There are 2 protein chains.
Amino acid sequence: MPKPSHIAPQATPPDNPEETVSDKPTYAIGELAEMFEVTPRTIRFYEQEGLLAPERRGQRRIYHDKDRVRLKLTLRGKRLGFTLAEIREVVELYDTMPDGNARQLHRILEILAEKRADMEQRKEDIRLMQNELDDVETRCRAALEGLAP
Amino acid sequence: MPKPSHIAPQATPPDNPEETVSDKPTYAIGELAEMFEVTPRTIRFYEQEGLLAPERRGQRRIYHDKDRVRLKLTLRGKRLGFTLAEIREVVELYDTMPDGNARQLHRILEILAEKRADMEQRKEDIRLMQNELDDVETRCRAALEGLAP
DNA sequence: GTTCTGCTTGACGTTAACGTAAAGTGAAGA
DNA sequence: TCTTCACTTTACGTTAACGTCAAGCAGAAC
């Protein structure tokens, strides 16, 4: 359990509902970094690239669950080989959507279709690569048999 | 049909079996580049990185089907987000295998297992990403409905 | 107070994967 | 012979995605 803050005892009912005891969790940059096994530098860089926009408390960055999810999506995108620019393109869809006009919404559907096709291509590449791996393994085991019969 | 070479007429039986008319196809660097929609520079770079080792006829590079397949595998690896170093690691398996000793062969099996796990992770990432796309599309269409009911 | 942490902003460095420009070669066609 | 064309090497340039200091601040601990 974390030690109680030095400001105001727990028992006092909070005048600000945002500061309730069982509030949504927040994270410092270091916590988030450790959580995802990246460096704080990486997280700041993603912010600079428009992928994150954490709250500021004084000069410190405060990350909420919303930001944590965004970071997770970003890292997943990276594993899929997307550039940060491409990832931002998708991430911004979330922001654009609520108040997007019809033209923007149709544009989003276009991008989605592209990404979908991309995913299918990747799945095919994976399938072929797995075949390659199977092939190499088979021949490798055969070579081992040949060595020690 | 390609024009006959200026050296020796076709009718003459070839003294070198390597130069038979219906020989295995070869490619110049430009042909291969166009074939895969990359630049010659890229192909030379892959050679420099140890991914290709084409035959030399004079100063020119001559690519055979073996090289074409390697390039195809390399580009597929790239689409999967592997670095050239990682791809080389796999490609070298082919070369190591024929005369590999038991220890090398077991090492190969290790690497194969790693790559396999990697593929599974990628498949999972793709699955999650497709879910995301589905989600965005659903909400996007809902927003469109809200605009023009 | 001072010391220690964990954060902050800047600024320059690094690596991978090519791009690009320059200058030369060699064979084939006009 | 001259030109063209596709190739060659060499070498410096570029972009993305961070890494790596440096110097400084703010609050908690001592």
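Per chain, numbering begins at 1; letters A, B, ... match sequence-line order. The model shown is predicted, which means the values in this text are computed figures rather than measured ones.
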### Message
Distance check needed: D/dC18 P versus A/Q48 CD, whole Å only.
### Response
12 Å
### Query
Considering only C/dC18, C/dG26, C/dC7, which nucleotide approaches the side chain of B/Q59 most closely?
C/dG26
### Task
Check every strand shown and say whether A/R57 touches a base, only sugar-phosphate, or nothing at a heavy-atom separation below 4.0 Å.
nothing
### Query
Where the side chain of B/A28 is concerned, which of D/dC7, D/dA17, C/dA17 is the nearest nucleotide?
D/dC7
### Query
Contact class for B/R61 vs. all strands (heavy atom < 4.0 Å): base, sugar-phosphate, or nothing?
sugar-phosphate
### Rounded distance (Å) that lies between atom P of D/dG19 and atom CD of A/E37
13 Å
### Message
From C-beta outward on A/R41, which listed nucleotide comes closest to its side chain: C/dC18, D/dT20, C/dT8?
### Response
D/dT20
### Message
Expressed as a whole number of angstroms, how long is the span from A/E47:CD to C/dT8:C1'?
### Response
11 Å
### Query
Between C/dT9, D/dC18, D/dT9, which nucleotide gets closest to the side-chain atoms of B/R44?
D/dT9
### Query
Does atom CZ of B/R56 have more than 12 heavy-atom neighbours, drawn from other residues, nucleotides or ligands, at distances under 6.0 Å?
yes
### Task
Would you mind reading off the distance between A/E86 atom CD and D/dA16 atom P, rounded to a whole angstrom?
12 Å
### Summary
When rounded to whole Å, the CG to P distance for the pair B/L52 and C/dC18 reads 12 Å
### Task
To the nearest Å, give me how far apart CZ (B/R60) and P (C/dT25) are.
13 Å
### Task
For A/I29 and D/dC25, give me the distance from atom CD1 to atom C1', rounded to whole Å.
16 Å
## Note on the structure
Which of D/dC18, C/dG19, C/dC18 is nearest the side chain of A/F45? It is D/dC18
#### Entry: Test: A/R79 cationic atom under 6.0 Å from A/F36 six-membered ring centre, within 45° of axis
no
### Length of the line joining B/I43:CD1 and C/dT20:P, which is rounded to integer Å
16 Å
